[in-house]
Amino acid sequence: MPSPHFTITVLGSGTSVGVPTIGCHCSVCTSSDPRDNRLRPSILVTHGERNILIDTTPDFRTQALRARISHLDAVIFTHSHADHIMGLDDVRPFNFRQRGQIPIFAAPDTMSSIHRCFQYIFDGVKRESNVPQLDARIIDGAPFDVFGLEFVPIPVLHGRQTIYGFRFGDAAYLTDHSEIPESSLDLLAGLDVLFLDALRYKPHPTHSTVDRSTKTVERLNPRRAFFTHICHDLGHERAESMLPPNIRLAYDGLEIHVA
Ligand SMILES: [Zn+2]
Ligand SMILES: [Zn+2]
Ligand SMILES: [Zn+2]
């Protein structure tokens, strides 16, 4: 079967606090290079006419306006940390325009956290104001279809927690992780595009580093790799100049075509 074609738009390439970081005056936070402005981590996968979002960050409204997203067909969640879910309420304008529920996909623990954080969305109580109209679907670890594109959940360790990255066609998006188990590496052969968490140079208990993710790229040998979930320790131009040519830093607004 031929590989599916789609476009990946990076909506946010920053770590949980974003770059610039509140109150910081370092050279990256005050940089004039637009690639050093990083909203919270998320991508949009456009497959045919369908827009599939991975994670709803606290910056989702800004990201949707900036990327001129005119419709939203599905949301897939990696995990329930605040930087990955807190923009969920901002899908409401898509509900108004589309007049239907939007399916959201998440693992059981992630979905129950989303239900707890956004209780008013799911409690079925009739309200005077509008709440997001969502169709919650549980990911059980098996590949699942989203409007004709198959997503394969890739378990990764995010500190002590196991969360999901996703492979779709010849691309994979592995945000927050500190370790990729062997059994998951086996699911990542033959990639065209690989996104990896690379928070900074210094080790971190729940995130990968530039060094660690460079080793993952050497091991998996995708055609192109992009680092994301980046903090203000990395200035785009300088950090990229020290990387091999097949590894680039993702930046907000980057569009990648996978054919
Ligand atoms: Zn995160
Ligand atoms: Zn800074
Ligand atoms: Zn996280």
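Read the numbers this way: they start at 1 and go in the same order the structure lists the ligands and their atoms. Not measured: the values here are computed from a predicted model. Just so you know, residue 1 is the first one in the sequence shown, and it goes up from there. Values reported hereafter were calculated over all heavy atoms of this structure, with side chains retained and with hydrogens, waters and symmetry mates removed.
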**Message:** Taking the basic N atoms (NZ, or NE/NH1/NH2) and the acidic carboxylate oxygens, is any pair closer than 4.0 Å for Arg224 and Asp192?
**Reply:** yes
**Message:** Both conditions, 6.0 Å and 45 degrees, for the charged tip of Arg50 above the ring of Phe147: are they met here?
**Reply:** yes
**Asked** Within a strict 4.5 Å, meaning less than it, do heavy atoms of the Ile52 and Thr46 side chains meet?
**Response** no
**Message:** Taking the side chain as everything from C-beta on, heavy atoms only, tell me whether Leu191 gets closer than 4.5 Å to Leu188.
**Reply:** yes
**Message:** Taking 2.8 Å as the distance threshold, tell me the number of protein N/O/S atoms next to the Zn ion (ligand 1).
**Reply:** 4
**Asp83, Asp55, Asp59 screened by salt bridge (Lys or Arg N to Asp or Glu O under 4.0 Å) with Arg40, the one that passes** = Asp59
**Message:** For Phe94 and Phe60, take the angle between the two ring planes, folded into 0 to 90°, and tell me which bin it lands in: parallel under 30, tilted 30 to 60, perpendicular over 60.
**Reply:** tilted
**Asked** How are the rings of Phe122 and His115 set to each other: parallel, tilted or perpendicular (split at 30° and 60°)?
**Response** parallel
**Item:** Where Ile180 and Ser184 come nearest, the two heavy atoms and their spacing
**Value:** CG2-CB, 3.8 Å
**Fill in**
Excluding waters, which are neither shown nor counted, protein N/O/S atoms under 2.8 Å from the Zn ion (ligand 2) come to 4
**Residue of the set Thr175, Asp176, Thr56 for which side chain to side chain donor-acceptor pair (under 3.5 Å) holds with His84** = Asp176
